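Worksheet: the structure to be examined is printed underneath.
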Amino acid sequence: VLRELFRTILDRRRNRAHQLTRAAVEAGIPRLSDFVSASPAMQAFMEVVARVADTDASLLMLGETGVGKERLARAVHAESRRSEGPFIAVNCGALPESLLESELFGHTEGAFTGATRTRRGWFELAHGGTLFLDEIGEMQLHLQVKLLRALQERAFQPIGSEKTIRIDVRIIAASNRDLEQEVLAGRFRRDLYYRLGVISLTLPALRDRPEDIPDLAHRYLERFASSMGREVRGFDAGALDALASYAWPGNVRELINVIERAVLLCSGTRITLASLPQSVARAAGEQAVASLVGSTGLETDQLPADWIERPWREVRREALEKLERAYLASLLDQTRGRIGETARRAGMEPRSLYSKMKRLGLRKERFRS
């Protein structure tokens, strides 16, 4: 009797916590409209997503780490007929093999060492809603068999139980691996791959849709400036060029982290190159060098001979320094040596401009005549 009483109390607390959490994030629930894009590739991708969102078809989302697969899965759930049901996300790569089966299907009391009470699994808890299986490619083969059976029969047995539990769950799976290659290598079951991939969607990497970078950057700038209470209202041209030139190996997730850091470090009302990580800020300089070389029509046999004999790191540093000196000298000439205006147009702090001028041997008096 006491055990049942405690279980009832725990269930009530769990349900209450779930309601509070749901209420807390209600305003921030992702929507498909959040993925509006200027990129033709992303527009074509979202057209497909919009057509399948309100169905019960299993979805397989592929793409590099950080492209936003879980956020898109939450948006699909929010736009579907299951939106009133639970959305449960499970990272298959973050749980040890011995624990993952119990987490997915649940277990009975005494089913294995440490199973001190009966526990419902994520499949059962997601009944009537959506179960998001992230990093599905990390799942071991014997668990893939049990998962396939649960998907085919819409039923499963918890560990240690003879009772069959029927479920009504939509599955959205995701992976940053090439699952076709995993199938060929024997690490992923072909039948499960086809079962999950009724609709297969590959999210474009951020570097393949550079048109979206300015809009995403401004969107996250507004979000972080509001949450941090900072009066940061935009980017200067240099910072925006750097964001657009960077390759973003970490995709949207990396962009979010960079913008959050920039809002924290920004000392004015606009984010400048000084507020960005060096790896991002350097991208603008490298792009400028490439554009400069391209615009002058230089071929490899026209480059300085000593450059070919030196490491790329040294050549890049020298080229960037020459470009930086030429750029600042031209800007100082236009502003007649006015430091404040030059710093504003260059997108940097006056103190940083003074430091660069000293390093490059530029004196403001030279440009005032």
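Please read all numbers here as calculations on a predicted model, not as lab measurements. For reference, positions follow the sequence shown, starting with 1.
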Is it true that a side-chain atom of [X] and a backbone atom of [Y] form a donor plus acceptor pair closer than 3.5 Å?
X	Y	result
Arg170	Ser58	no
Arg154	Val169	yes
Ser226	Glu222	no
Thr55	Val52	yes
Arg74	Lys69	no
Arg82	Gly129	yes

Can you tell me if [X] and [Y] form a side-chain donor-acceptor pair at under 3.5 Å?
X	Y	value
Thr335	Thr342	yes
Gln181	Arg187	no
Asn176	Thr65	yes
Glu101	His107	no

- Are Arg363 and Glu365 close enough for a salt bridge, meaning some N to O gap below 4.0 Å? yes
- Query: In terms of side-chain geometry, is the basic nitrogen of Arg119 or Glu103 positioned less than 4.0 Å from the acidic oxygen of its partner?
  - Reply: yes
- Task: For residues Phe105 and Ala150, report the shortest heavy-atom separation together with the two atoms involved.
- Result: CE2-CB, 4.0 Å
- How close do Ser275 and Cys266 get, heavy atom to heavy atom, and via which atoms? OG-CA, 3.6 Å
- Query: Distance from Leu59 atom CG to Ser200 atom OG, nearest 0.5 Å?
  - Reply: 9.5 Å
- Task: First locate atom CD of Glu138, then atom SG of Cys92, and finally report the distance between them rounded to the nearest 0.5 Å.
- Result: 9.0 Å
- What's the verdict on side chain to side chain donor-acceptor pair (under 3.5 Å) for Glu182 and Tyr193, showing C-alpha distance, side-chain angles and the deciding distance? CA-CA 10 Å; Glu182 294 296 299; Tyr193 173 68; over 6 Å; no
- Message: Can you confirm whether Trp248 sits close enough to Leu243 that some side-chain heavy atom of one is under 4.5 Å from a side-chain heavy atom of the other?
- Response: yes
- Side chains of Phe45 and Leu72: does their closest heavy-atom pair fall under 4.5 Å? yes
- Item | Parallel, tilted or perpendicular, as decided by the 30° and 60° cut-offs, for the rings of Phe235 and His218 | perpendicular
- Note on the structure: Between Asp34 and the options Arg71, Arg219, Arg223, the salt bridge (Lys or Arg N to Asp or Glu O under 4.0 Å) test singles out Arg71
- Decide whether a cation-pi geometry holds between Lys146 and Phe156; the criteria are a distance under 6.0 Å from NZ or CZ to the six-membered ring centre and an angle within 45° of the ring axis. no
- Item | Trace of the salt bridge (Lys or Arg N to Asp or Glu O under 4.0 Å) decision for Arg207 with Glu64 | CA-CA 11 Å; Arg207 63 179 172 275; Glu64 298 177 6; 2.4 Å; yes
- Message: Tell me every residue that passes salt bridge (charged side-chain N to carboxylate O under 4.0 Å, His left out) with Arg233, counting only those two or more places apart in sequence or in another chain.
- Response: Glu231
